[in-house]
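Atom set for the values below is all heavy atoms of this structure, side chains included, hydrogens, waters and symmetry mates excluded.
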Amino acid sequence: KPYIDDTGANVNAWAPSFLQTRSFTELSEMHRQANSGYCNGLDGRPQLGHLWGVLSDYFPNTKAWDKNLELISAYRKAVPNDPLAPILEAIYWKTYAWDARGGGYSSSVSGDGWKVFRERFEKAKKILDDSKSLASSSPLWYAEMLNVQSALDAPQRERDASLVEGIGKFPWFIPLYFKRAEYLAPWWGGDWDSINNLAVWSVNQTKATMGNTMYARIYWSMSGAESVKNLFTDTKASWPMMKSGFEDMMRQFPESTRNLNAYARFACDAGDKQTYLKLRKKLVGEALDDSLWGTKHHEVCDAKLGYKI
């Protein structure tokens, strides 16, 4: 029975339901099906990343911490050789740690809040360490290890080693690159040179199958930050490299209006009028997605670059 579809609708609806109803073998099978380099959405992102996001949201959304810990224990007993079960437990402790810290600035967190935050992340790390022989058959193990290492302020060489090992086994798992980029960003103490080095390195790991798409995807993932108003003036992003990446992306996933909207948006930010006008003509009706542009962004671009309906 296929649990994964192109849109992610099945993952959204079924994964939380499988947990709530204790349908552990079905959730395990959903993970198994998603854990494939060929199981992508229409825009090329792996559906396993979508499943990871849904599972990460489950615990903070339900807020039933004691009940959910017992649920995970039941899962691990019911399917003892499932790689997802210990990963799910690590996700639980990660989200429980952030619940203790809260979402405010570091200066707003109490001493006790930091203590509990660290203790819970250390539990997540132990679970991942103890389960590596089984659970590292899924790239989610590496993604969660990067979360843990960053939260516990592990040396950069350890984080890089986790990324290199994970990408060596799962070069198709795009969220791994994003997770490393997230913690190399200036707002986490990194810098744009490090982001650019990662983007170039990521292309080298995936060029045979993805072309230059990872360069575009990594900088795209950085573009939503509050401090980034224009990717090409505020970061080290190269428009020729991003353009090449988007061209490769559109060849591989020609049905994706999500990718098309992003390509047009960045063409505008780069001041590439010819490319923008060519792409904008394709974005009519429902194909134009305002959520990917920001408030009135496409209207500003239309006026600036001379697009007329």
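Under the 4.5 Å side-chain heavy-atom criterion for ILVMFWY residues, no single connected hydrophobic cluster contains both Leu84 and Leu134. Linking ILVMFWY residues whenever their side-chain heavy atoms come closer than 4.5 Å, directly or via other members, leaves Leu42 and Met249 in distinct clusters. The hydrophobic cluster containing Val164 also contains Ile167, counting ILVMFWY residues as joined when their side-chain heavy atoms lie under 4.5 angstrom apart, directly or transitively. Two different hydrophobic clusters hold Trp65 and Val116 under the rule that ILVMFWY side chains link at heavy-atom gaps under 4.5 Å.
A salt bridge does not link Arg265 with Asp289: every distance from a Lys NZ or Arg NE/NH1/NH2 to an Asp or Glu carboxylate oxygen is 4.0 Å or more. Using a cutoff of 4.0 Å between basic side-chain nitrogens and carboxylate oxygens, Lys63 and Asp99 are scored as salt-bridged. With respect to Glu70 and Arg22, a salt bridge is recorded, a charged nitrogen being found less than 4.0 Å from a carboxylate O. Between Glu122 and Lys126 there is no salt bridge, since no side-chain N of the basic residue sits under 4.0 Å from a carboxylate O of the acidic one. Under 4.0 Å is where a charged nitrogen must lie from a carboxylate oxygen, and between Asp43 and Arg258 at least one such pair does. A salt bridge is defined here as a Lys NZ or Arg NE, NH1 or NH2 lying under 4.0 Å from an Asp or Glu carboxylate O, and Glu165 with Lys169 fails to meet this definition.
Note on ring orientation: taking the six-membered ring where Trp is involved, the planes of Trp293 and Tyr276 are perpendicular (angle over 60°, cut-offs 30° and 60°). Aromatic ring pairs are classed by plane angle as parallel below 30°, tilted from 30° to 60° and perpendicular above 60°; the pair Tyr177 and Trp201 is tilted. Using a 30° and 60° split on the angle between ring planes, Phe18 and Trp14 fall in the tilted class, from 30° to 60°. The aromatic rings of Tyr92 and Tyr96 sit tilted, their planes meeting at an angle between 30° and 60°. Tyr219 and Tyr215 have tilted rings, their planes meeting at an angle from 30° to 60° on a 0 to 90° scale.
Between Ser194 and Asp191, the side chains place a donor N or O and an acceptor N or O closer than 3.5 Å (distance only, hydrogens not considered). Side-chain contact check for Ser227 and Asp234: no donor-acceptor pair (N or O, by modelled atom type) lies under 3.5 Å. Residues Asp82 and His31 bring no donor and acceptor atom of their side chains to less than 3.5 Å of each other.
Between Ile72 atom CD1 and Lys77 atom NZ the span is 13.0 Å, to the nearest 0.5 Å. Between the CG atom of Asp302 and the CD atom of Glu299 there is a distance of 7.5 Å, given to the nearest 0.5 Å. To the nearest 0.5 Å, atoms CG (Leu55) and CG (Leu19) are separated by 6.5 Å. Between Thr235 atom OG1 and Trp192 atom CH2 the span is 5.5 Å, to the nearest 0.5 Å. The OG atom of Ser223 sits 12.0 Å away from atom NZ of Lys229, with the distance rounded to the nearest 0.5 Å. To the nearest 0.5 Å, atoms CG (Asn10) and CG (Leu51) are separated by 11.5 Å.
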Yes or no on side-chain contact (heavy atoms from CB on, under 4.5 Å) for Ser138 and Phe170, after CA distance, side-chain angles and deciding distance? CA-CA 8 Å; Ser138 170; Phe170 310 103; 5.6 Å; no

What verdict does the side-chain hydrogen bond (donor to acceptor under 3.5 Å, both in side chains) test give for Tyr3 and Glu26, after you've listed the backbone C-alpha separation in whole Å, the side-chain angles of each residue and the deciding distance to 0.1 Å? CA-CA 9 Å; Tyr3 289 116; Glu26 292 183 282; 3.2 Å; yes

Please evaluate residues Arg251 and Asp248 with respect to the criterion salt bridge (Lys or Arg N to Asp or Glu O under 4.0 Å), reporting the C-alpha separation (whole Å), side-chain torsions for both, the decisive distance (0.1 Å), and the verdict. CA-CA 5 Å; Arg251 277 192 291 270; Asp248 288 338; 2.3 Å; yes

The test is side-chain hydrogen bond (donor to acceptor under 3.5 Å, both in side chains); show your working for His298 and Asn261 and say whether it passes. CA-CA 9 Å; His298 78 269; Asn261 275 269; over 6 Å; no

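Taking 4.5 Å as the limit, some side-chain heavy atom of Lys281 sits within range of a side-chain heavy atom of Tyr307. The side-chain heavy atoms of Phe246 and Leu279, taken from C-beta on, include no pair separated by under 4.5 Å. Residues Leu198 and Leu163 meet the side-chain proximity criterion, which asks for heavy atoms closer than 4.5 Å. Residues Phe117 and Val109 fail the side-chain proximity criterion, which asks for heavy atoms closer than 4.5 Å. Residues Ser23 and Ser17 are not in side-chain contact: their nearest non-hydrogen atoms beyond the backbone lie 4.5 Å or more apart. Within the 4.5 Å cutoff, the side chain of Pro86 has no heavy atoms near those of the Trp141 side chain. Annotation: side chain of Lys304 is in contact with side chain of Cys268 (closest heavy-atom distance under 4.5 Å). Taking 4.5 Å as the limit, every side-chain heavy atom of Leu231 sits out of range of all side-chain heavy atoms of Asp269.
Partner Ser162 forms a side-chain hydrogen bond (donor to acceptor under 3.5 Å, both in side chains) with one of Arg180, Gln149, Lys179 and no other, that one being Gln149.
Across Gly8 and Gln47, no two heavy atoms sit closer than the pair N-NE2, 3.3 Å. Nearest heavy-atom pair across Lys282 and Ala287 is O-CB, 4.0 Å. Here the closest non-hydrogen pair linking Val148 and Ala124 is CG2-CB, 3.9 Å. Residues Ile195 and Met222 share a closest heavy-atom pair of CD1-SD, 3.9 Å. Among all heavy-atom pairs drawn from Pro175 and Trp52, the shortest one is CB-CZ3, 3.8 Å. When all heavy atoms of Ile87 and Ala135 are compared, the pair lying nearest together is CD1-O, 3.7 Å.
Around atom CG of Asp66, no more than 12 heavy atoms belonging to other residues, nucleotides or ligands sit under 6.0 Å away.
Taking the ring centroids of Trp239 and Phe266, they lie at or beyond the 6.0 Å cut-off.
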